[in-house]
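First up is the structure itself, then whatever we jot down about it.
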Amino acid sequence: MKARGPLDPRFVAEVRSRLLEKWNRGHRDLPWRRRRDAYAILVAEVMLQQTRVETVVPYYERFLRAFPNLRALARAPLPRVLAAWSGLGYYRRARMLREAARTILSRHGGRFPETYEEVRALPGVGRYTAGALLSIAFGKPFPVLDGNVARVLSRLLALRGDPRRNADRLWSVAASLVPPRAPGEFNQALMELGALLCAARAPRCPACPLRTGCAARQGGGVVARPAKSRERERPVRQEGAESVNTPPAPPFAPSRSSRFLASLRGSKAANASGQPAPRTVRAKPRGKRRPPAAVPVVDVAVAAIWRGDEYLVARRPLRPGTHLPGCWEFPGGKRRPGESARACLKREVAEELGVEIAVRPEFLRLSHRYEDRIVRLTAHRCRILSGVPRATGGQDEIRWVAVERLGALRFPPANRPILERLLAFRRSRSAGS
DNA sequence: TACTCGTGGTT
DNA sequence: TAACCAAGAGT
């Protein structure tokens with residue numbers, strides 16, 4: 001192993017103060033940031049593992065309402081915990097979180113452990129979560145290294161290679177950076193920087209408090225970092241191959257102050273050519289063409305929104321003159337030109353039912369020939385993310401209906417295969433368990 | 001070490 | 001559209 005020298009203390013001090021200053025000027029108001037008790041932080045950190053902040057928020061609030069404290073969670077039957085977790089993914093996390101709560105009750109008498117070894121020993125608590133917990137809930141200077149921090153530090157120090165191989169180095173850098181005071185704020189500031197400014201694809205370098213000390217920015221390899229685990233085989237252009245790595249943000253005049261942090265870090269920061277990189281012009285991959293049809297073809301997206309064993313269906317108005325009056329159907333509608341099925345469903349369901357949904361992968365695609373047109377439909381399973389469905393789009397009525405009773409309702413012919421598929425889901429599920 | 005676990009969003 | 005990515009952990 002190479003003995004890399006420790007970071008310059010002045011560099012460390014500068015990074016700390018700039019990050020904390022930024023944090024104190026303002027940060028996102030997230031529900032778990034409103035409390036400091038270890039239980040709430042633990043729940044948040046586990047939910048946040050490999051899961052976006054925006055996804056976690058509604059689950060977090062519901063979960064804490066259902067299980068407001070350690071005891072409530074430890075005592076809760078596992079199926080209830082899993083139900084509250086349903087839709088978040090990585091369900092092992094839910095089991096381990098409950099197990100951790102039980103461990104704290106049995107092994108620590110209900111008092112949250114405060115040493116690294118004890119916290120780390122809890123089920124589902126790895127190096128990251130232990131560091132987050134100890135720094136945020138208990139104000140202890142342990143580092144965190146998540147995807148955000150790895151990216152920020154890789155860029156800040158212009159590390160080469162796969163961040164996974166650099167993990168040791170990154171952990172040690174993170175450890176040198178955490179300040180003894182306000183380590184929790186510092187760690188969150190570092191992650192928030194990675195989430196909001198030092199983003200993977202479109203970094204907002206001009207707004208970054210560390211920009212003048214960022215080696216990648218001075219070397220021009222910001223978006224190229226961190227390197228991917230496996231370099232893609234890409235046709236390499238003869239000239240200007242490097243230009244691919246140029247940040248998409250407009251080039252900035254090299255600032256006078258950029259020498260400040262760079263000198264502390266000891267970067268040699270070779271001066272990049274002052275020329276803006278030539279833009280790569282890509283041929284548009286468009287050009288799909290549909291064969292001329294005797295009758296119009298209509299693209300339709302259908303949402304099978306489920307809750308337990310029930311699906312949400314709506315009834316078309318009885319008013320004569322409407323197409324298929326009084327027929328039941330799944331929510332959805334016509335796709336607009338160029339609109340993805342996913343976007344279409346989110347839009348249609350918001351309009352028709354006033355709720356926000358998550359669209360899961362397509363489970364059925366078919367076309368149905370009516371007399372006057374051909375309907376091509378794609379069906380997705382969907383879940384409600386927020387809101388309570390109401391008939392806001394002119395339907396006669398909406399209803400949650402158990403799968404096996406769907407058959408009793410009158411559906412348009414094109415929807416029949418959907419019913420069959422949903423019934424098949426149900427059968428395979430009950431047979432599987 | 002490298003794989004698996006879920007789901008939603010992004011490009 | 002397909003691949004990649006997201007406040008990782010366990011095996």
Protein-nucleotide distance (A:L97, atom CG; C:dG8, atom C1'), rounded to Å: 14 Å
For the pair made of CZ in A:R335 and C1' in C:dT1, what is the distance, rounded to whole Å? 12 Å
A:L157 pairs by side-chain contact (heavy atoms from CB on, under 4.5 Å) with which of A:V173, A:L170, A:V152, A:N166? A:V173
Taking atom P in both C:dA9 and B:dG8, what distance in whole Å separates the two? 22 Å
Is it true that, when you exclude A:R181 itself, more than 12 heavy atoms of the residues, nucleotides or ligands shown sit nearer than 6.0 Å to its CZ? no
Around atom CZ of A:R307, are there more than 12 heavy atoms from other residues, nucleotides or ligands closer than 6.0 Å? yes
Between C1' on C:dA6 and CG on A:L193, what's the gap in Å once rounded to a whole number? 16 Å
Nearest-angstrom distance from the residue atom OH of A:Y90 to P of B:dG6: 8 Å
Kindly check if the number of other-residue, nucleotide or ligand heavy atoms within 6.0 Å of CZ (A:R71) is above 12? no
Value in whole Å for how far the P atom of C:dA7 lies from CG of A:L42: 18 Å
N-O pairing of A:E61 and A:R65 below 4.0 Å: no
P gap between C:dA2 and B:dG6, integer Å: 23 Å
Could I get the full list of salt bridge (charged side-chain N to carboxylate O under 4.0 Å, His left out) partners for A:R35, not counting sequence neighbours? A:D37
What is the distance, rounded to the nearest whole Å, between atom NE2 of A:H27 and atom P of C:dA7? 17 Å
Spacing of A:I384 atom CD1 relative to B:dT7 atom P, expressed in whole Å: 17 Å
Derivation of the side-chain contact (heavy atoms from CB on, under 4.5 Å) call for A:V46 and A:W85: CA-CA 11 Å; A:V46 172; A:W85 204 273; 4.0 Å; yes
Would you find more than 12 non-hydrogen atoms of other residues, nucleotides or ligands less than 6.0 Å from A:R383 atom CZ? yes
The correct set of residues in residues 30-39 of chain A placing a heavy atom under 4.0 Å from DNA chain C is A:L30, A:W32, A:R33
How about A:E117 and A:R120: do any of their side-chain heavy atoms sit closer than 4.5 Å? no
Heavy-atom count check: over 12 atoms from other residues, nucleotides or ligands less than 6.0 Å from A:R111 CZ? no
Are there over 12 heavy-atom neighbours, none belonging to A:R416, within less than 6.0 Å of that residue's CZ? yes
Strictly below 4.0 Å, heavy-atom distances to any atom of DNA chain C: list the hits from residues 75-88 of chain A, or just say none. none
Could you please spell out the steps behind the side chain to side chain donor-acceptor pair (under 3.5 Å) verdict for A:R381 and A:Y311? CA-CA 10 Å; A:R381 281 165 71 81; A:Y311 287 88; 2.8 Å; yes
Atom CD of A:E192 and atom C1' of C:dA6 are separated, to the nearest Å, by 15 Å
Is any side-chain heavy atom of A:V57 closer than 4.5 Å to one of A:W32? yes
For nucleotides 9-11 of chain C, tabulate all protein N/O to nucleotide N/O atom pairs closer than 3.5 Å, reporting atom names and distance.
{"unit_1": "C:dA9", "atom_1": "OP1", "unit_2": "A:G126", "atom_2": "N", "d": "3.0"}
{"unit_1": "C:dA9", "atom_1": "OP1", "unit_2": "A:T129", "atom_2": "N", "d": "2.9"}
{"unit_1": "C:dA9", "atom_1": "OP1", "unit_2": "A:T129", "atom_2": "OG1", "d": "2.5"}
{"unit_1": "C:dA9", "atom_1": "OP2", "unit_2": "A:Y128", "atom_2": "N", "d": "3.3"}
{"unit_1": "C:dA9", "atom_1": "N3", "unit_2": "A:R92", "atom_2": "NH2", "d": "3.4"}
{"unit_1": "C:dG10", "atom_1": "OP1", "unit_2": "A:G124", "atom_2": "N", "d": "2.6"}

Between C:dA6 and B:dT1, how many Å separate the two C1' atoms, rounded to a whole number? 22 Å
Does anything in residues 133-180 of chain A form a ring pair (Phe, Tyr, Trp, His ring centres under 6.0 Å)? List the pairs, not counting sequence neighbours. A:Y116-A:F142
Separation of the P atoms in B:dT4 and C:dA7, to the nearest angstrom: 23 Å
Close N or O pairs between protein and nucleotides 9-11 of chain B (under 3.5 Å):
{"unit_1": "B:dG9", "atom_1": "OP1", "unit_2": "A:K346", "atom_2": "NZ", "d": "3.2"}

